Amino acid sequence: MREITLSQAVNEALAEEMRRDETVFIIGEDVAEAGTPFKILSGLVEEFGTDRVVDTPISEPGFMGLAVGAAMTGTRPVVDLMFGDFIYLIMDQLCNQAAKTHYMSGGKMSAPLVLRTNMGATRRSAAQHSQSLHALVAHIPGLKVAMPSSAYEAKGLMKTAIRDNNPVVIFEDKLMYNDKAPVPDEEFLIPFGEANVKRAGSDITLIGTSSMVQVCEAAAEILAKEGIEAEVIDPRTIVPLDEETLIASAKKTSRVIVVDEGHQSYGITGEIAGRINEKAFYHLDAPVLRMGAMDVPVPFSPALEDITVPTPEGVAENARKLMSGEMIHAA
Amino acid sequence: MREITLSQAVNEALAEEMRRDETVFIIGEDVAEAGTPFKILSGLVEEFGTDRVVDTPISEPGFMGLAVGAAMTGTRPVVDLMFGDFIYLIMDQLCNQAAKTHYMSGGKMSAPLVLRTNMGATRRSAAQHSQSLHALVAHIPGLKVAMPSSAYEAKGLMKTAIRDNNPVVIFEDKLMYNDKAPVPDEEFLIPFGEANVKRAGSDITLIGTSSMVQVCEAAAEILAKEGIEAEVIDPRTIVPLDEETLIASAKKTSRVIVVDEGHQSYGITGEIAGRINEKAFYHLDAPVLRMGAMDVPVPFSPALEDITVPTPEGVAENARKLMSGEMIHAA
Amino acid sequence: MVKTKTNTEDYLRMYRQMMRIRSFEDNANQLYLSAKMPGLTHMYSGEEAVAVGICEALKVTDKITSTHRGHGHCVAKGANFKEMFCELLGKEQGYCRGKGGSMHIADQSNGNLGANAIVGGSMGIATGSAFTAKLLGKDDVTVCFFGDGATAQGLMYEVMNMAALWNLPVIYACENNGYSEYTKTEEIAAGSITARAEAFGIEAHQIDGQDVLAVNELTQKLVARARKGEGPFFMELMTYRYHGHHVGDINREYYRSKEEEKEWKENRDPIIKFRSWLVEQGIASEDEIEAMNAEIKKDAEEAVAYAEAAPYPDQSEVDMHVFTDVKHALA
Amino acid sequence: MVKTKTNTEDYLRMYRQMMRIRSFEDNANQLYLSAKMPGLTHMYSGEEAVAVGICEALKVTDKITSTHRGHGHCVAKGANFKEMFCELLGKEQGYCRGKGGSMHIADQSNGNLGANAIVGGSMGIATGSAFTAKLLGKDDVTVCFFGDGATAQGLMYEVMNMAALWNLPVIYACENNGYSEYTKTEEIAAGSITARAEAFGIEAHQIDGQDVLAVNELTQKLVARARKGEGPFFMELMTYRYHGHHVGDINREYYRSKEEEKEWKENRDPIIKFRSWLVEQGIASEDEIEAMNAEIKKDAEEAVAYAEAAPYPDQSEVDMHVFTDVKHALA
Ligand SMILES: Cc1ncc(C[n+]2csc(CCOP(=O)(O)OP(=O)(O)O)c2C)c(N)n1
Ligand SMILES: Cc1ncc(C[n+]2csc(CCOP(=O)(O)OP(=O)(O)O)c2C)c(N)n1
Ligand SMILES: [Mg+2]
Ligand SMILES: [Mg+2]
């Protein structure tokens, strides 16, 4: 199968959906001629014109609000939020308006829009351009949240998101934009709420989101050399969450680590671990371990930044401890 | 001891701290003559004048940002955010600016401010005036988060918050403003990070935040009649979190329910349950159960709203199940 | 006053619609005072000429966005009493199945995209609705209603900028009733409201909001021009609210005088003024008007009775409409 | 040009400061091109007369807030090369101990409250700093630097309104360099920028930002008036950035022409212009100027060498400075 980058995958997904449905449009800063600072959208304005690839002023709350109104009245906006860190600016329009439109209207109105944004540290972009803030939106009823882990997922989830009649937030890891993966030539969609078992294993379950899937796979490689067979699972969407697959794996392996790049405290690992603990408790040989990013703002200095996020070695080390029955964290 | 309402407690705390430190000021909508729509601040403008009790235009991001700058330059703002639901509007100033100032400056600057806001449903205020959004800010490193459960805590935590050199967010339950509790005449402070064991018990631990402490206490009453002795714990601050007390209790009782009024999914119960599961796992007879508000926008209709939040009966019922060894949720 | 419609029917409909709003509000207020209405509500009485003058210049497919003070807009855009009262009481037959309530009432069948409990919260939505019209080549115009207080929300400037850059068919209608909550407009708005719009290159008009014909005439002109792509426009409509900020705001002498209220009610009432004009012009006799009033009153009372007797939504609805594609989100 | 300071020293310091900025940026750019600098940075070259003209009218205790393009402001407000380069390289001796980096560089000892990576993010902070001065009765003035692109952020209008209502001693300094990222200002800013400030009753001036004396003269006047409580003020300074949006933005013909760049660099360079004036006026000879330039160049190169050799912060610093009162947040 041909290999394309995650950027190209997103670009293809958007182009295909824009061809299929002329109510789809893209809105955000420097999305047209510039094709975004990450050059993800290159070529789209040439094909679809500036009516459908719309450069905005630097008004995140404004264009997010505009997208909500546009979605409510018959179009399908794809909002481009240049950095995930700017999500704080649009929370009201996203969470008070878009997320609640369908419910507050008793099912009569809806806001079918996609918010495309990113996440991920270790790019030396410092505290306001490096955050992974998916936990904030996953908490709000009415929003779906997708976290693609490769070009393949980036394409399939984006196409599904655009066709979904609800507001969907997609977090792309900005460090993976140039990473290649096999992506079919033919059209495909990835349904929401279906986790992907990336690697089968019987000793321990490693659940990773976004780029942490790769971290888990690398950890699994390390562990395999030591005779530990790790199962690696990518939930792909955290809302809806495919509890069933996660719990089945937990019951099978009886040991679980959840790895995510958001801050650990009050982040998404708590929910995933919580559900597994609740529903697979009597099958577990050890507590579900959680590994998130450190609870510190992302430091600029390379000497500090790299140690704030989970690594394959760190995951492998914790896996070993769990396997050896060590009571990690136990006082 | 005299009893005063939670409103009065907040009012007293502010008045005392404003007398003690003239750099303390209050800023928000209709805080002066009107004393807020909840009439919490009545009398303060008369004592401290409009320079220190500052009515603003309806510009939440603006006055939150102003408070950050004021705090950075030598004052101690207490920001009044009329409804907790408006926190979405100020997330950038709170989370990108205030929370990160100290860290990004390598410890050279700080933003000692208090954000006073509220939470709580069942007031028929519908989806945009009823949310309990403390999970969003608890996730952001650099912010402390307090959740008073009575007039006593409201006073003691507020005074501590004002003296703290970090940004602190306080969520008051708007349904408790008129609830009375004993509050000493003498000055007192409640340190952050110290949970309060409201009721001792040996059979099961009920951890509740804000008004859910009362719900847990009421559940404990019901259970006591049935011979089940519940321990009720109020963490008082969720950042910092007094893990030690919670874990010690979990080890003692071996059964835990965490009750909170935020939406359950990706809310704070996941973190609290996660830490207990990790650190008391081998002492637990059952998984830590989590009870949050339903994962739905808050409906207006009284027929629907009341069933979205945890109740004493619901907590007692789950406690009974845990006690009887029923494998709740277990597939 | 200027004759803008030669059609008697049009004049009578304007009168009728103003009277229907007044009547609706009298009943809503009564429901509150007799503790039959859950929560609070904000009365539109006194401002009828604004909503009616504007909405009578619109087609059914034209859109409006409304505010927390939204009953007037809803009636003026064509809504029925029964569904409205049902909504205010949280009943299943309400426009939003009781899930929205007064602050979220919407009637998408008549182009009312909904009230909004976030001050200024619908400015993006209105602008987005106009964006849809432009993108899809429809000639629909959107009117964005908001209060003087909402001019303090930064969102307004963000969306006005985009609307101006892209010539969107949107009319920003600022209902300047002199107050936001308990604060006079001059205390929270520096400079000039119309100049703010003009600074973005938007044609702005200040107009007497108590004169339904003047409002209607201006709106007709602006709507016609907006349909041709000459938008956006801005209107500042000088008006007054007769009741408190909300129904519970009874003692208001501390922020405005009884004399001021009396002056507006007695000498500037939009309904009284228009009624005398109708009689003077021989368009309707006093008897005809009284008959109309009586009929409206009866309609309103019947609708109230209907709504009081109507059933609440079934509790199973609580997790419906969270997502469009999931019947019960929590099942 | 108008003579605004009769003091030779002042003129020479202005020249020196402009030259220091240019020299700093040349070295920073070089560090990037030779892959020695982590992440990206935004060059201030071309805009020196703005920062210097303004900051030379300020006292040390006056405050400024800066932007993502902040090196110029930092130097102009009095910072040292060594601590600045150390910060850019993430070293422990940096102004922020390497935690902030280029986009968060701050120097509170000289009143620089910091660069900001959120466009417009510091407008609230600047206004709050001015609020502090007023509340505490200090005569400090705060200057808020921001770009033309930042005028699209709603926050600006919110804080200008409050500053105008309360006569705060703040000067909003809009550096209009014709572009925000890859977009021309006229494509993202409708109407007139100065008119927007005027609409809030704020005195606004548009001025040639390449003329350091003109900038300095105007600023001196406005600062003096602001100290007396006659603020706020607004300045739109017409300027140009010589480099790309950031150091990596090399091929920029698609959004601006080489001719345009050449015209500004050759005919409107603030340093060349001021240098000839100094020579013409007999304030400095060519030789003296060359000597000054050489000295500055040497300083900068030494500082770079120093910073390159300087140590990174110890990894144990990673969880320091999250909170003021906790040495290690994760210990
Ligand atoms: C963002 C936000 N801030 C504050 C409030 C509380 N609030 C509700 S109505 C109101 C006053 C609004 O004034 P105005 O816009 O003039 O409308 P009016 O009530 O006069 O019709 C305020 C402050 C809110 N609902 N939303
Ligand atoms: C809120 C926010 N939106 C977008 C960005 C990305 N961004 C960084 S600089 C910039 C352009 C800023 O333009 P302007 O304010 O004119 O400043 P200039 O770069 O021209 O100095 C943009 C869009 C950001 N950092 N913050
Ligand atoms: Mg008003
Ligand atoms: Mg610019």
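Every chain is numbered from 1 and lettered A, B, ... according to where its sequence line falls, protein lines coming before strand lines. In this text the structure is predicted, and so the values were computed from the model without any measurement.
- Ranked by heavy-atom pairs under 4.5 Å with chain D, the first of B/Ser110, B/Gly106, B/Pro240, B/Gly62 is B/Gly106.
- Only the side chain of B/Ile27 comes within less than 4.5 Å of a heavy atom in chain D; its backbone stays farther off.
- Remark: D/Gln315 CD is loosely packed, at most 12 non-hydrogen atoms of other residues, nucleotides or ligands lying under 6.0 Å away.
- The closest donor-acceptor contact from the side chain of B/Tyr103 to the backbone of D/Val318 lies under 3.5 Å.
- Heavy-atom neighbours of B/Glu244 CD from other residues, nucleotides or ligands within 6.0 Å: at or below the threshold of 12.
- In this structure, the side chains of D/Glu158 and B/Pro57 stay at 4.5 Å or more apart for every pair of heavy atoms.
- Both the backbone and the side chain of B/Phe63 come within contact range of chain D, judged by heavy atoms closer than 4.5 Å.
- Ranking D/Thr127, D/Leu113, D/Asn161 against chain B, the residue ahead of the rest is D/Leu113, based on heavy-atom pairs under 4.5 Å.
- Of the inter-residue distances, the one linking D/Gln108 atom CD with B/Thr101 atom OG1 reads 12.0 Å to the nearest 0.5 angstrom.
- Residues B/Asn166 and D/Val322 come closest through the heavy atom pair OD1-O, 4.4 Å.
- Residue contact with chain B, scored on non-hydrogen atoms closer than 4.5 Å, is absent for D/Ile105.
- The environment of B/Lys108 atom NZ is dense: over 12 non-hydrogen atoms of other residues, nucleotides or ligands sit within 6.0 angstrom.
- Side-chain contact check for D/Phe323 versus B/Asp164: every heavy-atom pair is 4.5 Å or farther apart.
- Atom NZ of D/Lys327 is surrounded by 12 or fewer heavy atoms from other residues, nucleotides or ligands within 6.0 Å.
- Top candidate by heavy-atom pairs under 4.5 Å with chain B, chosen from D/His321, D/Lys138, D/Lys63, is D/His321.
- Dense packing is recorded around CD of D/Glu230, with more than 12 heavy atoms of other residues, nucleotides or ligands lying under 6.0 Å away.
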Going through the distances and angles, do B/Gln93 and D/Leu155 end up as a side chain to side chain contact (heavy atoms under 4.5 Å, CB included)?
CA-CA 10 Å; B/Gln93 292 298 317; D/Leu155 183 64; 3.4 Å; yes

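- Heavy atoms closer than 4.5 Å to chain B are found nowhere in D/Asp140, neither backbone nor side chain.
- Ranked by heavy-atom pairs under 4.5 Å with chain B, the list D/Ser129, D/Ala329, D/Gly98 is led by D/Ser129.
- Only the side chain of D/Ala106 has a heavy atom closer than 4.5 Å to any heavy atom of chain B.
- Neither the backbone nor the side chain of D/Met123 comes within contact range of chain B; no heavy atom of the residue lies under 4.5 Å from a heavy atom of that chain.
- With a 4.5 Å cut-off on side-chain heavy atoms, D/Asp325 and B/Lys144 count as touching.
- Contact of B/Asp92 with chain D is made through the side chain alone, with heavy-atom distances under 4.5 Å.
- Residue B/Val168: no heavy atom, backbone or side chain, is found under 4.5 Å from chain D.
- The candidate from D/Ser122, D/Gly114, D/Gly100, D/Gly121 with the greatest count of non-hydrogen atom pairs under 4.5 Å with chain B is D/Gly121.
- When the candidates D/Tyr95, D/Phe131, D/Tyr157 are compared by the number of heavy-atom contacts under 4.5 Å with chain B, D/Phe131 comes out ahead.
- In this structure, the separation between CD on B/Gln97 and CD1 on D/Ile125 is 4.5 Å, given to the nearest 0.5 Å.
- Between the B/Asn165 side chain and the D/Thr324 main chain, no donor and acceptor come within less than 3.5 Å of each other.
- The NZ atom of D/Lys99 lies 14.0 Å from the NZ atom of B/Lys100; values are rounded to the nearest 0.5 Å.
- Between chain D and the options B/Asp51, B/Leu66, B/Thr56, heavy-atom pairs under 4.5 Å are most frequent for B/Leu66.
- Rounding to the nearest 0.5 angstrom, the gap separating the CE atom in D/Met160 from the OG atom in B/Ser59 is 11.5 Å.
- Put simply, OG1 on B/Thr73 and CG on D/Leu136 are 7.5 Å apart, with the number rounded to the nearest 0.5 Å.
- The shortest distance between side-chain heavy atoms of D/Trp166 and B/Thr50 does not fall below 4.5 Å.
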